[in-house]
*Asks:* 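To start, I am sharing the structure in question, which I have written as structure tokens.
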Amino acid sequence: MNSKKHRKYLETAKSLPSYCIFPDDYHYSDAWADKLIAGWIALKRVQVESKWDNTRFRDALIDLVIELSGGWEAEFLEAARQEGMSFDCVSHEVQEQMHQAYVQANRERAFDLIPSSLHGELCWVPGWNGVNLDELMDECGQRSSRSKSNYLEDVQPGRWLVELLKLGNCSSEALRGYCKDQGATGLIFVQETADLRWKVEADPLRSAVLKPEQVVTIIENGYQWAVPMAHAQINVRALFELDCTKPMFWSTDGGKVHIGLHDGVLNGAGYMDAYDGYLVIPPNATGFAGEVRWHWSINKVYGIVKSYFKVTPIEVTTIDTIAVAA
């Protein structure tokens with residue numbers, strides 16, 4: 001149907017008040033932040049696997065916000081009621097077309113439902129695909145030759161150590177050099193890490209986040225199966241606005257990153273701390289998890305002061321971007 005009357009119905013729907021993009025108390029809640037972050041994580045994985053450009057990804061995020069908001073049907077009906085409209089003589093098909101016209105008229109402002117002050121827990125585990133938690137712990141979990149012991153002489157180097165050193169931009173040689181001066185226990189660790197599989201070079205373009213002694217502190221206060229990760233109270237609006245094809249800069253307003261070893265699955269054990277510096281997360285990263293994904297989230301375990309770990313992600317276009325942001 002494409003009659004003049006039908007077109008008038010659709011134009012009327014498009015001109016209705018935009019109640020659908022007015023945030024209420026719920027849109028300032030942790031529950032809303034957690035839902036948005038969980039949706040972003042799922043779509044980010046699809047974006048990387050399907051090689052979406054940023055336009056396609058942004059459209060998917062807009063659809064996500066509308067879906068999580070109930071499709072804006074209630075807002076459409078309320079806007080129509082406020083304008084004195086009645087659907088008594090309108091077929092269900094035409095009413096649904098009007099609803100969709102209302103949605104399309106307002107979809108580009110969907111992110112208005114994400115307050116600029118909204119933050120939520122977001123963790124990044126480098127090297128993880130973000131899918132299976134059992135595989136995460138098996139492939140990236142801390143190991144020890146003795147049960148419940150993480151002393152240097154007992155830990156078994158593996159992927160967990162490589163990713164931890166990369167997070168902290170600490171070279172394996174710097175760590176080994178420090179451990180050589182720590183007596184017999186340090187020498188055992190040095191021998192265990194002699195295998196070139198555990199060799200890590202520091203990025204000369206990025207300042208060190210972890211000193212060797214800080215790496216040792218994290219290791220010895222870690223726990224079996226804990227995995228290396230970074231945590232932030234991420235600004236959700238900035239996350240949704242970010243260009244997904246660009247690297248993502250993470251650092252708090254105080255110039256810190258919250259990193260370490262954490263077991264979010266079994267018991268919440270591990271060791272996390274805030275260190276001076278920043279992270280640059282590659283655009284093809286998919287190893288993300290929000291608070292609802294973990295059995296033992298960072299916020300649940302540590303009872304942190306959330307404001308201290310607030311991060312507004314910044315897209316990195318050139319090395320100058322990093323310098324300015326840092």
Side-chain angles (χ1 to χ4, degrees), residues 123-128 139-143 150-153 155-183 185-222 226-232 246-252 254-262 270-288 309 311 313-326:
C123 296
W124 174 52
V125 181
W128 181 40
E139 295 175 4
C140 300
Q142 188 177 9
R143 293 290 191 278
N150 295 301
Y151 291 119
L152 275 182
E153 65 268 30
V155 293
Q156 297 173 324
R159 186 172 166 187
W160 65 270
L161 178 60
V162 171
E163 299 298 349
L164 177 62
L165 290 173
K166 289 180 179 178
L167 272 178
N169 200 29
C170 177
S171 73
S172 54
E173 286 307 301
L175 178 61
R176 283 161 52 82
Y178 171 79
C179 291
K180 284 180 181 179
D181 298 329
Q182 304 308 305
T185 58
L187 288 175
I188 293 174
F189 180 79
V190 170
Q191 292 168 359
E192 288 287 333
T193 56
D195 193 320
L196 290 178
R197 287 178 297 173
W198 321 132
K199 185 175 182 179
V200 175
E201 300 285 353
D203 181 355
L205 298 178
R206 177 179 159 220
S207 58
V209 175
L210 294 176
K211 300 175 182 177
E213 57 267 34
Q214 293 171 322
V215 174
V216 172
T217 297
I218 293 173
I219 292 173
E220 294 197 325
N221 287 277
V227 300
M229 68 174 66
H231 156 265
K246 301 291 193 302
M248 181 165 39
F249 177 97
W250 271 23
S251 188
T252 69
K256 294 183 179 293
V257 288
H258 194 209
I259 61 176
L261 294 168
H262 178 70
Y271 185 88
M272 301 281 293
D273 207 346
Y275 302 93
D276 293 333
Y278 62 86
L279 297 176
V280 176
I281 301 176
N284 63 345
T286 58
F288 297 99
F309 298 100
V311 168
I314 301 171
E315 61 191 50
V316 178
T317 53
T318 65
I319 192 66
D320 292 337
T321 306
I322 297 177
V324 171

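Worth knowing before you read on, the calculation uses all heavy atoms, side chains too, and leaves out hydrogens, waters and symmetry mates. Worth saying up front: this structure is predicted, and the values here are computed from it rather than measured.
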*Asks:* Do the side chains of P247 and P282 get nearer than 4.5 Å, heavy atoms only?
*Replies:*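 P282 does not reach P247 side chain to side chain.
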*Asks:* Rounded to the nearest 0.5 Å, how far apart are CG of L165 and CD of E173?
*Replies:*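 So the CG of L165 and the CD of E173 are separated by 11.0 Å.
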*Asks:* Nearest 0.5 angstrom please: K199 NZ to S172 OG, how far?
*Replies:*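 One finds 7.0 Å between NZ of K199 and OG of S172.
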*Asks:* Kindly compute the distance separating OH (Y275) from CG (N169), expressed to the nearest 0.5 Å.
*Replies:*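 Separation between the atoms: 14.5 Å.
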*Asks:* Return the set of residues passing side-chain hydrogen bond (donor to acceptor under 3.5 Å, both in side chains) with E201 (not counting sequence neighbours), or none when no residue passes.
*Replies:*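 Listed in chain order: nothing, the list is empty.
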*Asks:* For A230, which residues count as a side chain to side chain contact (heavy atoms under 4.5 Å, CB included) partner, sequence neighbours excluded?
*Replies:*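 Here the qualifying residues are L167, W250, I259, L279.
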*Asks:* For the CZ atom of R159 and the NZ atom of K166, what is their distance to the nearest 0.5 Å?
*Replies:*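 R159 CZ to K166 NZ: 8.5 Å, rounded to 0.5 Å.
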*Asks:* Could you pull out all residues at least two apart from H258 that satisfy side-chain hydrogen bond (donor to acceptor under 3.5 Å, both in side chains)?
*Replies:*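 Here the qualifying residues are H231.
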*Asks:* Taking Q142 for its side chain and W160 for its backbone only, find out whether a donor-acceptor pair lies under 3.5 Å.
*Replies:*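 No, Q142 side chain to W160 backbone: no donor-acceptor pair under 3.5 Å.
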*Asks:* Please list all pairs passing the side-chain hydrogen bond (donor to acceptor under 3.5 Å, both in side chains) test where one or both residues lie in residues 203-221, with sequence neighbours left out.
*Replies:*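 Every candidate side-chain hydrogen bond (donor to acceptor under 3.5 Å, both in side chains) pair involving residues 203-221 fails, so no pair, neighbours aside, qualifies.
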*Asks:* Are any of the side-chain heavy atoms of M229 and V125 separated by less than 4.5 Å?
*Replies:*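 Sidechains of V125 and M229: in contact.
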*Asks:* Please tabulate, one pair per line, all N/O donor-acceptor pairs under 3.5 Å involving side-chain atoms of residues 187-196, not counting sequence neighbours.
*Replies:*
| unit_1 | atom_1 | unit_2 | atom_2 | d |
| --- | --- | --- | --- | --- |
| T193 | OG1 | R176 | NH1 | 3.3 |
| T193 | OG1 | F189 | O | 3.0 |
| T193 | OG1 | V190 | O | 3.1 |
| D195 | OD1 | R197 | N | 2.8 |
| D195 | OD1 | R197 | NE | 3.4 |
| D195 | OD2 | R197 | NE | 3.0 |
| D195 | OD2 | R197 | NH2 | 2.9 |

*Asks:* Could you go through V216 and L175, starting from their C-alpha distance and side-chain angles, then the distance that decides it, and tell me whether this counts as side chain to side chain contact (heavy atoms under 4.5 Å, CB included)?
*Replies:* CA-CA 8 Å; V216 172; L175 178 61; 3.9 Å; yes
*Asks:* Does any non-hydrogen side-chain atom of T185 lie less than 4.5 Å from one of Y151?
*Replies:*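 Y151 does not reach T185 side chain to side chain.
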*Asks:* Side chains of C179 and P212: closer than 4.5 Å at any heavy-atom pair?
*Replies:*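 In short, these two side chains do not touch, never coming nearer than 4.5 Å.
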*Asks:* Restricting to salt bridge (Lys or Arg N to Asp or Glu O under 4.0 Å), what partner residues turn up for D273, sequence neighbours left out?
*Replies:*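 Counting only residues at least two positions away or on another chain, D273 forms no salt bridge (Lys or Arg N to Asp or Glu O under 4.0 Å).
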*Asks:* Can you tell if the side chain of L261 reaches within under 4.5 Å of the side chain of P228, non-hydrogen atoms only?
*Replies:*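 Contact flag for L261/P228 side chains = yes.
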*Asks:* For V257 and Y278, which heavy atoms make the closest approach, and how far apart are they?
*Replies:*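 Looks like CG1-CA, 3.5 Å.
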*Asks:* For the pair T252 (side chain) and F309 (backbone), establish whether a donor and an acceptor sit closer than 3.5 Å, ignoring hydrogens and angles.
*Replies:*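 Pair absent, no side-chain N/O of T252 close to backbone of F309.
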*Asks:* Which atoms form the tightest heavy-atom contact between I281 and W124, and what is the distance?
*Replies:*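 So the minimum-distance heavy-atom pair works out to CG1-CE3, 3.6 Å.
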*Asks:* What closest approach, in Å, do F288 and W128 show between heavy atoms, and which atom pair accounts for it?
*Replies:*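 In this case the closest contact between F288 and W128 is O-CZ3, 3.8 Å.
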*Asks:* Check whether any side-chain heavy atom of W198 sits under 4.5 Å from a side-chain heavy atom of V162, and report yes or no.
*Replies:*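 Answer yes - side chains close enough.
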*Asks:* Would you say the side chain of V155 lies within less than 4.5 Å of the side chain of L161, judging by non-hydrogen atoms?
*Replies:*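 SC-SC contact between L161 and V155 ruled out.
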